[in-house]
Q: 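This is the structure I want to talk about, given as structure tokens.
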Number of protein chains: 2
Amino acid sequence: MTIRVLVADDQEAAREALRLILDGEPDIDVIATAADGAEAVHRALLRRPDVVVMDLRMPGMDGIAAIGRLAAAESAPRVLALTTFDLDEYLFGALRAGAAGFLLKDSDPDVLIAAIRELHQGRGLIDPQVTGRLISRFAALSPRPATSELDLLTPREHHVLRLLARGLSNGEIATACTIEEGTVKTHVNRILTKLGLRTRVHAAIYAHEHGIVTREMP
Amino acid sequence: MTIRVLVADDQEAAREALRLILDGEPDIDVIATAADGAEAVHRALLRRPDVVVMDLRMPGMDGIAAIGRLAAAESAPRVLALTTFDLDEYLFGALRAGAAGFLLKDSDPDVLIAAIRELHQGRGLIDPQVTGRLISRFAALSPRPATSELDLLTPREHHVLRLLARGLSNGEIATACTIEEGTVKTHVNRILTKLGLRTRVHAAIYAHEHGIVTREMP
DNA sequence: CCAGTCGTCCACCTTTCGATAGATCTGCGG
DNA sequence: CCGCAGATCTATCGAAAGGTGGACGACTGG
């Protein structure tokens, strides 16, 4: 079973080079090409390739926007983002948009071919040259390991903080806990004191940055 | 210049196997081993290896906790997390704690060796088998593509929201903008109306979740 | 030109918040 | 048993925050 590939790159030469490399493989079939993002989306929806090799820097609708469109589609193809320029914005933007793989253009043809096979297997792939930055960014985005002054809070205070961080007023928290509003105020006060904060807004921000809040997925 | 490596694994056999594999390389030198997290941290601080190969599942202080300690240290070594069990918790936990690389134990010795060299070069490395999940999680964690009701806000309102989301009071915002507090209240009100929110706490949360806030690094 | 819209600004009044003081209640060691 | 510490609860009062109405200039299309 051959892997159906669509190649999107604004440069004629690059498209042909990619086609040559990929069509040399028995299990890979380049079924279409595109010269900009809009064309890539259009043809991908029409031809339903398994994998889209997408240059990120293209005129008109750029690669990242195109990836976003494709990712939103039904039976979305696996997208391999390809770029000459190693910019954070490209890397993170492409992954955020829904790319399954990211490669720099100076990679060997073998690597590119292997990457397409990986993607087709359902796996992801990141260029080793940029893996470090992805890891760093990931760590920075992730909630902290709960090693903080949060342990100073009593269970009640912790609960109140959670509700506060969802935007509930003191009165609403009181109702939710079946206690008086005055009591809630005390709890909020102790929370602020213990955490060294000034207002409930700070507390809400603190809670979110420490990953206390269970973000609901609608 | 040889790469100084510390191997941490609770199983004697695994430690010896790793030592054998790694000491076979001319540019790699296993300078110490450890049988649990605490020992790994202690010896790493003492011997200052370039790379720590850390099993994640260990008695006592586990690997992830140990990685956290090491990452907090000065001249922290690069940590390669190793695990038999491919659990999300291990992968994300290790990276969050500060690991520079993540490999499953069924990897070839060659891959392990190559990984250590990659880490020593300052790059990161993720086992291809789990790269896909890292990408998905990353995409889920990343702020949305800024396609929101935020565009409804005037420049002034946008600025006020930024300050509000840092925890400034109306009075402080007024001072910062050299306008009256009453004016700030109007802006806040319009922000709440436009974004469909109820209180400034909601606005602060909203701003953070949409990545408006430039988090300062002190 | 002028009516309408939009952004910015300010003041008044009500509700909510935040700081403070103190009342119960519970668990723990002497 | 007693005292003490900490958690939980309540009440009061000055300070913010939030809702509302309206003024003023700038820009826009008849």
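Naming convention: chains lettered A, B, ... in sequence-line order (proteins, then strands); numbering from 1 in each chain.
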Q: With sequence neighbours left out, what residues match Glu12(A) under salt bridge (Lys or Arg N to Asp or Glu O under 4.0 Å)?
A: Arg15(A)

Q: With a strict under 4.0 Å distance from non-hydrogen atoms of chain B, what nucleotide opens and what nucleotide closes the contacted stretch of DNA chain C, reading 5' to 3'?
A: dG7(C) to dA11(C)

Q: Sequence neighbours excluded, which residues qualify as side-chain hydrogen bond (donor to acceptor under 3.5 Å, both in side chains) partners of Arg200(B)?
A: Asn170(B)

Q: I would like to know whether Leu134(B) and Val130(B) meet side-chain contact (heavy atoms from CB on, under 4.5 Å); could you show each step before the answer?
A: CA-CA 7 Å; Leu134(B) 175 61; Val130(B) 302; 6.0 Å; no

Q: Among residues 168-183 of chain A, which contact DNA chain D at a heavy-atom distance under 4.0 Å?
A: Ile179(A), Glu180(A), Gly182(A), Thr183(A)

Q: Please identify each residue that fulfils salt bridge (Lys or Arg N to Asp or Glu O under 4.0 Å) with Arg198(B), with sequence neighbours left out.
A: Glu172(A)

Q: Is it the case that the side chain of Ser107(B) and the backbone of Leu104(B) share a donor-acceptor pair, with hydrogens and angles ignored and the cut-off at 3.5 Å?
A: yes

Q: Using a heavy-atom distance cut-off of less than 4.0 Å, which residues of residues 186-193 of chain A contact DNA chain D?
A: Thr186(A), His187(A)

Q: Who pairs with Arg69(A) by side-chain hydrogen bond (donor to acceptor under 3.5 Å, both in side chains), at least two apart in sequence or on another chain?
A: none

Q: Along DNA chain D, 5' to 3', what are the outermost nucleotides having an atom less than 4.0 Å from a heavy atom of chain A?
A: dA7(D) to dA11(D)

Q: Specify the residue among Thr199(B) and Glu157(B) whose closest nucleotide of DNA chain C lies further upstream toward the 5′ end.
A: Glu157(B)

Q: With sequence neighbours left out, write down each residue that passes salt bridge (Lys or Arg N to Asp or Glu O under 4.0 Å) with Glu157(B), or none if nothing qualifies.
A: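 With neighbours one apart ignored, the set is Arg190(B), Lys194(B).
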
Q: Give every residue pair that meets the salt bridge (charged side-chain N to carboxylate O under 4.0 Å, His left out) criterion with at least one member in residues 35-49 of chain A, sequence neighbours excluded.
A: Glu39(A)-Arg43(A)

Q: Is the cationic atom of Arg137(A) (NZ for Lys, CZ for Arg) positioned less than 6.0 Å from the six-membered ring centroid of Phe92(A) and within 45 degrees of its normal?
A: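 Yes.
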
Q: Output side-chain donor-acceptor pairs under 3.5 Å for residues 49-58 of chain B, partner residues at least two apart or in another chain, one line each.
A:
unit_1: Asp50(B); atom_1: OD2; unit_2: Arg4(B); atom_2: N; d: 2.8

Q: Kindly write out the residues that satisfy salt bridge (Lys or Arg N to Asp or Glu O under 4.0 Å) with Asp88(B), not counting sequence neighbours, or none if the list is empty.
A: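 Asp88(B): salt bridge (Lys or Arg N to Asp or Glu O under 4.0 Å) contacts with Arg133(B).
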
Q: Quick check for you: to the nearest 0.5 Å, what is the distance between Leu161(B) atom CG and Leu195(B) atom CG?
A: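 Between atom CG of Leu161(B) and atom CG of Leu195(B) there are 6.5 Å.
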
